[in-house]
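Please read all numbers here as calculations on a predicted model, not as lab measurements. For this chain, numbers begin at 1 and follow the sequence in order.
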Amino acid sequence: MAKPEVNVISHQPGKLPAHVEAVRPLIEQAEVVSFDVFDTLLVRPFARPVDVFTLMERQSGVKGFHDARILAERLAREKNHARSGSAEVTIDEIYQQIKLPGLGQTSFQALKALELTTEGEILKRSPAIGPIYDLARSLGKKVIAVSDMYLPASMISSVLARNGLTVDEIFVSCEHQTSKHESTLYEVVARSCGVDTARITHIGDNYKADCEAALKAGVVGYHIPSVLDQLFRDGRFNQLALHKLFQVQKHGADTSPNLFASLALAFIAQFRARHPEAPIARVFGAMYGGPLVTGFAAWLNAVMQIDQVAHLRLATRDGYITKEIWDILGLPGRASIMQSSRRLTMVPAFHTAFEKEIGSVLSTSTACTLRECVQRLGIGAGEAELLNALSIYTPLDRVLDTPAKTSAALIAMKECRPIWRRIAAREMNAYQHYLKDEGFDPAHDAMADCGWALTSQRRTELILGKKFRGYYVGTLEHAYMHEDIRSFLFHHGQDRNWVRLAERGVELLELAFASTHAQISHFEECEDGVRPVSTQHQRQYEILIGNFVAQMQDEIRLFAEHFKPSVSHITLNEMRDTLYDLFSSLITTPTNYEYEELALLPHSRELGASGFATIGTFWSTQNGHYAEVQQATSWRSYIRLGLISFRQEGLRLTWMRAKRVLRRRLKR
């Protein structure tokens, strides 16, 4: 058999990954290099091999197939062992033992064909063992595959070749009625290859079959743990989260494994094998960002179809990566980016709800001056006139660090109501023009965003004078709400477990949707329509966060590719359960590596007025840790914000906000 071309950078000592260099001497001394197949040369997209049967059950609609297939293999092995002394069976013998009411022989043949097709499609080259195979090929060794398996050698050989892993010979236990576990299959291999067993180096993930039994047969057996086992030994990864995913197995006749958890766990393991020294941005994207954004996109597709939405509008900035994942998954329905943000909708809302909305200009978590509060809006024309008018009523450069000073600033802004209304009318008309040009239809479209308080939806509805559908990752108990608003993970604060997580570290949920695209401050009307005006940010912040976002999103996209073949067979509850296990572990019990790296990542809040405090400023772990930063919000600032909220929103909403603050602060 012709040997395939090998595409490797270098096989000089020290140029390959450490785990490849470690096995080089064993390959160099060997005449034949033998590889185990499953979980060695090839990996599945699931953490457990039997999850393939769950996928098949959902693909075929044959209820009970997963359990029946597992039972049939056990019965076939017992029957064969009683008859011949060997427990090795073929796939045909397994399917002869399947017992499912109402299914005839034709159906069993169709299920067997489905299993062969499914395995052939999902099996992929291992990122950990692939380079070792390449090394063996480059050194001119005879490369073979040896597997304890019920699938036929012809099928396995085809899958290996399709993944660039062509072998010179393949030995499968079911075709020789002996196995690696019994050591005797190695004797068959040696005779067929015409070499002494000591001239064979065998590599595999099962210690007993691939190392202990190989050594017993005289073969040089080398144990390399599976990518999943290697993941479980790596302290940089949150082991609490990983073991929750691994153990999320429901027992009973009418339940099945969590397929999304299995997919996520397998992806994380394969990611680690590809990037053993990956930075935190890639780790976060693979382990947390990928499952969250992909799950959100799949949920959006489901509710969009239920509600018969014509056009899904993905709000910036969170919408950019969601749109990419939507396209990767090939989801049906029309989805596009819509410019919407806190700032973009704030000023236009002053035109129709001035008294209610004007205080939001001062609602910042850090004390600043009135001039800074106005200038950060970037309103352009009219700013100089507004500042001049405000200066008549209150000092512009006095720090608003007490309730009295804040109240004086609010009174001054209300005295300048005519100027604010002119600015608001200009921005409202321009934004309405933009929405009209975009073809936004409140009756048939829906807006999607991360969520939390839903101020952008509320203000956009004020601007348009109409309600519309809104889809969000989560909404809090004080969020704006009506019957056409839906939430993916927690709705209107009703899931207390998720709400508690959001209170501890909602910034980590937001981080998965971070973007490097320019944020639009507002629109201005011009001769040929409207033009966007971008929000100004500090360049050094954009460079730093941009590097993190780019690496994180690379892994989010790869997770979506991993998930795509199974997208129509995963339930929304599986996604929610998996995401809770992941984020509850990250937010409450992060590893030292996760906390020290993520907590010190800059996080811009309140339109850039927070001095770029870190994520750790707002992230409370189970041990009460917060990052050390200079500008953590003081109790005095919270009291100031509470008085503003009470004047504008009333006691009920202010009390709900106060409870959230107390829960977070007292955890320190």
Side-chain angles (χ1 to χ4, degrees), residues 45 124 127 231 236-238 241-242 245 260-275 278-301 312 314-331 335-337 448-451 471-474 488-489 505-517 544-567 570 572 574-576 578-583 585-587 590 594 597-598 601 603 615:
K124 303 297 181 186
L231 176 66
R236 296 201 320 159
F237 291 81
N238 194 310
L242 298 176
L245 299 193
F260 190 69
S262 185
L263 279 163
L265 187 55
F267 179 81
I268 298 164
Q270 292 166 31
F271 158 79
R272 184 206 164 277
R274 290 193 304 271
H275 306 289
I280 188 62
R282 292 193 180 278
V283 172
F284 181 86
M287 190 162 176
Y288 303 103
L292 177 57
V293 180
T294 302
F296 184 49
W299 174 79
L300 287 173
N301 172 59
L312 183 64
L314 299 164
T316 54
R317 293 185 176 182
D318 305 335
Y320 287 110
I321 185 61
T322 308
K323 178 61 169 66
E324 285 194 58
I325 300 311
W326 182 278
D327 292 341
I328 287 173
L329 296 178
L331 298 174
S336 64
I337 297 296
D449 200 355
C450 270
Y471 300 148
Y472 299 94
V473 173
F488 176 34
L489 299 180
V506 74
E507 292 75 19
L508 293 166
L509 289 166
E510 291 178 337
L511 183 59
F513 296 90
S515 171
T516 56
H517 288 78
L544 181 61
I545 196 66
N547 181 60
F548 181 95
V549 169
Q551 295 183 72
M552 173 186 71
Q553 290 187 350
D554 283 345
E555 301 307 325
I556 292 177
R557 295 184 193 99
L558 288 174
F559 182 89
E561 294 282 4
H562 178 83
F563 174 73
K564 181 178 180 179
S566 305
V567 63
I570 303 295
L572 297 178
E574 286 178 314
M575 296 178 194
R576 293 189 184 99
T578 299
L579 290 168
Y580 183 79
D581 286 339
L582 285 169
F583 279 92
S585 300
L586 172 64
I587 291 173
E594 288 173 328
E597 294 289 336
L598 293 173
L601 190 69
H603 180 69
I615 284 179

The reported gap from CD1 in Ile615 to CD in Glu597 (rounded to nearest 0.5 angstrom) is 12.0 Å

If every non-hydrogen atom of Pro291 is compared with every non-hydrogen atom of Ala286, which pair is closest and at what distance?
CD-O, 3.6 Å

Met287 vs Phe237 side-chain heavy atoms within contact, under 4.5 Å:
yes

Below 6.0 angstrom between ring centroids: does that apply to Phe563 and Phe260?
yes

So, does Gln553 use its side chain to make a donor-acceptor pair with the main chain of Ala514 at under 3.5 Å?
yes

So which heavy atom on Met552 is nearest to which on Leu511, and how close?
CE-O, 3.2 Å

Test item: Asn238 and Leu242 side chains (from C-beta on) under 4.5 Å apart, heavy atoms
no

Minimum side-chain heavy-atom gap Leu598-Leu586 below 4.5 Å
yes

Check whether any side-chain heavy atom of Arg317 lies under 4.5 Å from a side-chain heavy atom of His517, and answer yes or no.
no

Parallel under 30°, tilted from 30 to 60°, perpendicular over 60°: which one fits the rings of Phe559 and His562?
tilted

Which atom pair, heavy atoms only, marks the closest approach of Arg282 to Ala278?
CB-CB, 4.1 Å

Restricting to non-hydrogen atoms, name the atom on Ala512 and the atom on Leu292 that form the minimum distance, rounded to 0.1 Å.
CB-CD2, 3.9 Å

Could you check whether the rings of Phe271 and Phe267 sit parallel, tilted or perpendicular, using 30° and 60° as the cut-offs?
parallel

First locate atom CG of Leu245, then atom CG of Asp581, and finally report the distance between them rounded to the nearest 0.5 Å.
6.0 Å

Spacing of CD belonging to Glu561 relative to CD1 belonging to Ile325, to within rounding of 0.5 Å
8.5 Å

Relative to the ring of Phe548, is the ring of Phe284 parallel (under 30°), tilted (30 to 60°) or perpendicular (over 60°)?
tilted

Hey, mind stepping through Arg576 and Phe488 against side chain to side chain contact (heavy atoms under 4.5 Å, CB included) and telling me if it holds?
CA-CA 8 Å; Arg576 293 189 184 99; Phe488 176 34; 3.9 Å; yes

The reported gap from CD1 in Ile556 to OH in Tyr288 (rounded to nearest 0.5 angstrom) is 13.5 Å

Contact summary for Phe583 and Leu508, nearest pair of heavy atoms
CE2-O, 3.9 Å

What distance do Leu312 atom CG and Lys323 atom NZ have between them, rounded to the nearest 0.5 Å?
10.0 Å

Under a 4.5 Å cut-off applied to non-hydrogen side-chain atoms, are Arg274 and Glu555 in contact?
yes

If you define the side chain from C-beta out and look only at heavy atoms, does anything of Trp326 sit under 4.5 Å from Thr322?
no

If you compare all heavy atoms of Ala297 against all heavy atoms of Leu329, which two are closest, and at what distance to 0.1 Å?
CB-CD1, 4.4 Å

Ile321 vs Val549, side chain to side chain contact (heavy atoms under 4.5 Å, CB included): CA-CA, chis, key distance, verdict:
CA-CA 10 Å; Ile321 185 61; Val549 169; over 6 Å; no

Do Lys564 side-chain atoms and Ile328 backbone N/O form a donor-acceptor pair below 3.5 Å?
yes

Leu300 side, atom CG; Leu314 side, atom CG - distance, nearest 0.5 Å
7.0 Å

Test log, rule side chain to side chain contact (heavy atoms under 4.5 Å, CB included), inputs Leu572 and Met575
CA-CA 5 Å; Leu572 297 178; Met575 296 178 194; 4.1 Å; yes

